[in-house]
Colleague: 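The structure that follows is given in the form of structure tokens.
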Amino acid sequence: MPYLGGTELAQVYRRAQGERFALVASNFAEPNTLLGVLAAHEEMQSDLLVQVTMGAVKYAGSGKPLAGLRALARYVQAAAGEAKIGVFVNLDHVTPDGVDAFIRPALAEGLCSSVMIDASALPFADNVHATRAVVELAHPYGVLVEGELGVIKGVEDHISSDDAFYTDPDQALEFVRETGVDLLAISVGTEHGVSVGHELVLRPDLAQAIRDRLRAASVPRPLVLHGASGLSADQIRTLVEAGVCKVNKDTTYQYVYAQTAARFFGKNEREILPPPGVTFDPITFDAGGGTWRPNKKLFDPRVVGKQIQDAIRAVAAEVIAQAGSGGRSIYG
Ligand SMILES: [Zn+2]
């Protein structure tokens with residue numbers, strides 16, 4: 001399927017809320033991760049939700065975010081064009097200063113199914129204001145909006161109180177009512193990146209309390225879990241059972257990518273790099289007059305790339321199984 005808009009994505013989330021499963025939202029910035037994740041979703045008959053951050057699109061566009069977003073979104077559309085699953089694109093962690101430069105053109109050009117506005121670093125009233133503005137901007141295009149309440153601990157954040165890392169259920173209700181967001185990213189003790197220093201206590205009970213508070217007030221919303229890399233299968237299942245319908249994965253793929261590449265190059269180093277004392281010129285292929293040559297069967301980037309795709313496919317299939325979205329595609 002060519003990728004789909006917010007209306008179809010809202011259907012997927014409604015089903016996820018009713019049947020207690022989660023969509024895995026996979027971050028990517030280049031083709032190997034995307035193709036690995038896509039293969040896993042096709043194999044598992046799970047709808048594909050990929051997402052890009054500002055950092056990812058800047059990387060893909062060589063410093064130009066909109067060029068990078070167009071390139072990545074069209075790559076998804078083309079690569080997943082034949083897939084018999086729903087395919088969706090989310091803009092992940094757009095801060096208020098990126099709304100005009102990034103969200104507006106993405107909506108106008110139909111490049112996304114949903115957007116996340118992350119104003120969680122602002123005071124509550126300002127977060128409400130910034131999030132509501134994006135809801136008003138996106139809904140006429142049929143694009144869903146994810147807001148965030150509570151700060152998710154990152155590798156380089158500067159917040160010292162642990163309380164700031166947990167979403168308050170009463171505030172969550174007020175936030176949803178005031179902003180009209182379609183999805184709510186909550187903070188229940190997960191962390192962005194590989195955690196450093198002390199670990200936060202994971203609070204599935206808090207996810208459940210937020211879910212119950214929203215349902216009781218007749219504004220049920222799919223909850224979103226950021227920083228889900230590093231959690232066990234049991235922890236993911238418990239959080240999905242508690243109302244999480246979108247599980248973000250980024251760091252796991254990054255590590256699997258690097259692990260696969262490091263192993264490959266470590267194992268094949270002698271066939272790619274010349275022995276000590278010998279130099280090899282990549283333009284003239286001169287090896288100082290000697291006969292040493294690198295092995296093209298190993299240095300062709302598609303060789304390590306295929307191994308990376310396979311490794312990501314395997315880990316993505318595991319994550320889909322944990323989230324329970326296998327066999328539940330809207331085209332199933
Ligand atoms: Zn996040």
Side-chain angles (χ1 to χ4, degrees), residues 6 9-10 13-14 16-17 22-23 25 49 51 53 90-99 102-103 107 112-154 157 159 161-192 200 202-228 239-240 242-248:
L9 185 54
Y13 284 128
R14 266 196 297 278
Q17 280 178 289
L23 275 189
L49 174 60
Q51 56 186 14
T53 60
N90 178 50
L91 307 188
D92 188 26
H93 283 292
V94 183
T95 44
D97 60 352
V99 172
F102 195 50
I103 293 184
L107 292 170
C112 58
S113 328
S114 59
V115 300
M116 185 218 179
I117 171 72
D118 182 358
S120 63
L122 300 178
F124 182 77
D126 297 336
N127 186 358
V128 166
H129 183 75
T131 305
R132 188 170 52 213
V134 172
V135 170
E136 285 165 4
L137 198 61
H139 277 185
Y141 293 91
V143 167
L144 305 184
V145 178
E146 173 184 336
E148 178 170 326
L149 195 57
V151 178
I152 292 153
K153 197 170 189 298
D157 58 59
I159 292 163
S161 159
D162 278 2
D163 288 347
F165 299 124
Y166 294 99
T167 304
D168 175 72
D170 290 328
Q171 266 202 345
L173 175 57
E174 196 183 338
F175 185 77
V176 168
R177 276 185 171 151
E178 302 261 311
T179 60
V181 278
D182 305 285
L183 295 119
L184 180 65
I186 53 169
S187 194
V188 291
T190 58
E191 306 183 21
H192 275 132
L200 294 172
L202 191 66
R203 300 267 316 270
D205 62 300
L206 187 57
Q208 180 79 48
I210 295 166
R211 175 183 182 271
D212 291 347
R213 191 69 49 97
L214 296 177
R215 284 173 73 88
S218 301
V219 284
R221 289 293 185 280
L223 303 179
V224 181
L225 185 68
H226 285 243
L239 285 157
V240 169
V244 167
C245 294
K246 174 173 178 266
V247 173
N248 288 9

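Keep in mind the model is a prediction, meaning the values are calculated, not measured.
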Colleague: Heavy atoms, side chains only, cut-off 4.5 Å: are D92 and H226 in contact?
Modeller: yes

Colleague: My understanding is that only residues two or more places apart in sequence, or in another chain, count here; which of them pass salt bridge (Lys or Arg N to Asp or Glu O under 4.0 Å) with D212?
Modeller: none

Colleague: Compare all side-chain heavy atoms of Y13 with those of L144 and state whether any distance is below 4.5 angstrom.
Modeller: yes

Colleague: Hey, does Q51 have a side-chain heavy atom less than 4.5 Å from the side chain of K246?
Modeller: yes

Colleague: Looking at every heavy atom in both R213 and P169, which two are closest together, and how far apart are they?
Modeller: CG-O, 3.8 Å

Colleague: Any idea which heavy atoms bring Q17 and C245 closest together, and the distance?
Modeller: CG-SG, 3.6 Å

Colleague: What's the verdict on side-chain contact (heavy atoms from CB on, under 4.5 Å) for V115 and V94, showing C-alpha distance, side-chain angles and the deciding distance?
Modeller: CA-CA 8 Å; V115 300; V94 183; 5.5 Å; no

Colleague: In the structure I gave you, are the side-chain heavy atoms of I210 and T167 within less than 4.5 Å of one another anywhere?
Modeller: yes

Colleague: Quick one: does V176's side chain get under 4.5 Å of V181's, heavy atoms only?
Modeller: yes

Colleague: Quick check on side-chain contact (heavy atoms from CB on, under 4.5 Å): which of N248, N90, L23, L184 does V224 satisfy it with?
Modeller: N248

Colleague: Quick one: does L202's side chain get under 4.5 Å of T190's, heavy atoms only?
Modeller: yes

Colleague: Please tell me if the side chains of P96 and I117 come closer than 4.5 Å, counting only heavy atoms from C-beta onward.
Modeller: yes

Colleague: How far does CZ of R177 sit from OG of S218, to the nearest 0.5 angstrom?
Modeller: 8.5 Å

Colleague: Can you list every side-chain hydrogen bond (donor to acceptor under 3.5 Å, both in side chains) pair that touches residues 125-135, not counting sequence neighbours?
Modeller: N127-T131

Colleague: If the condition is side-chain contact (heavy atoms from CB on, under 4.5 Å), which residues does D97 pass it with, not counting sequence neighbours?
Modeller: T95

Colleague: Identify which one of D168, L206, L223 satisfies the side-chain contact (heavy atoms from CB on, under 4.5 Å) criterion when paired with I186.
Modeller: L223

Colleague: Is the shortest side-chain heavy-atom distance between L173 and L214 below 4.5 Å?
Modeller: yes

